[in-house]
Amino acid sequence: MLKLAKLPDRTPVKLAITITPDLAQALGDYATIYNRTYGDKAEVADLVPAMIESFLASDRAFAKARRDMGAGT
């Protein structure tokens, strides 16, 4: 038996959303500041998945509710 477990499904899932002009502007500004800070050329579409993942990881109420939801199944 290998030490490394089988990798989880890593097939990307495309998600289309509609956002307000103010949010689009804020995301654009964030990308500009991110690129200036790190000397990178990331686009908003590159940053949004990491932003959402970070948000979900930091939401303790969500993590607890998700654990509770999984315990019942």
Side-chain angles (χ1 to χ4, degrees):
M1 186 68 130
L2 295 175
K3 266 191 160 181
L4 181 64
K6 184 177 178 189
L7 295 175
D9 184 4
R10 296 175 290 154
T11 305
V13 176
K14 188 165 181 100
L15 178 66
I17 63 170
T18 302
I19 59 175
T20 64
D22 289 346
L23 180 54
Q25 180 65 50
L27 289 170
D29 292 346
Y30 191 96
T32 299
I33 295 166
Y34 176 93
N35 291 331
R36 188 179 310 143
T37 300
Y38 295 110
D40 204 353
K41 293 186 180 186
E43 299 291 329
V44 169
D46 301 320
L47 298 175
V48 168
M51 295 168 81
I52 294 170
E53 188 173 16
S54 177
F55 173 82
L56 292 175
S58 69
D59 188 328
R60 293 176 191 240
F62 170 69
K64 181 183 181 319
R66 195 171 190 205
R67 280 191 309 274
D68 293 348
M69 183 177 68
T73 57

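A quick note: this is a predicted structure, and the numbers were derived from the prediction, not measured.
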By ring pair (Phe, Tyr, Trp, His ring centres under 6.0 Å), Tyr38 pairs with (sequence neighbours left out) Tyr34
(Q) Would you say Ile52 ends up clustered with Phe55 if hydrophobic residues are merged whenever their side chains have heavy atoms under 4.5 Å apart, either directly or through other cluster members? (A) yes
Side chain to side chain contact (heavy atoms under 4.5 Å, CB included) with Leu27: of Ile19, Asp22, Thr32, Leu47, only one passes, and it is Ile19
Sorted by chain and residue number, the salt bridge (charged side-chain N to carboxylate O under 4.0 Å, His left out) partners of Lys64 (sequence neighbours excluded) come out as Asp68
- Is a side-chain donor or acceptor of Asp59 paired with a backbone partner of Leu56 at a separation under 3.5 angstrom? no
**Message:** Looking at Asp40 and Asn35, would you say the former's side chain and the latter's main chain have a donor-acceptor pair under 3.5 Å?
**Reply:** no
**Asked** Taking Ser54 for the side chain and Ala50 for the main chain, is one N or O donor matched with an acceptor at less than 3.5 Å?
**Response** no
Between Ala31 and Ala42, the two heavy atoms sitting closest are CB-O, 4.2 Å
* **Distance-only side-chain donor-acceptor flag, Asp9 / Thr11, under 3.5 Å** => yes
I'd like to check Leu15 versus Ile17 (side-chain heavy atoms, cut-off strictly below 4.5 Å). Are they in contact? yes
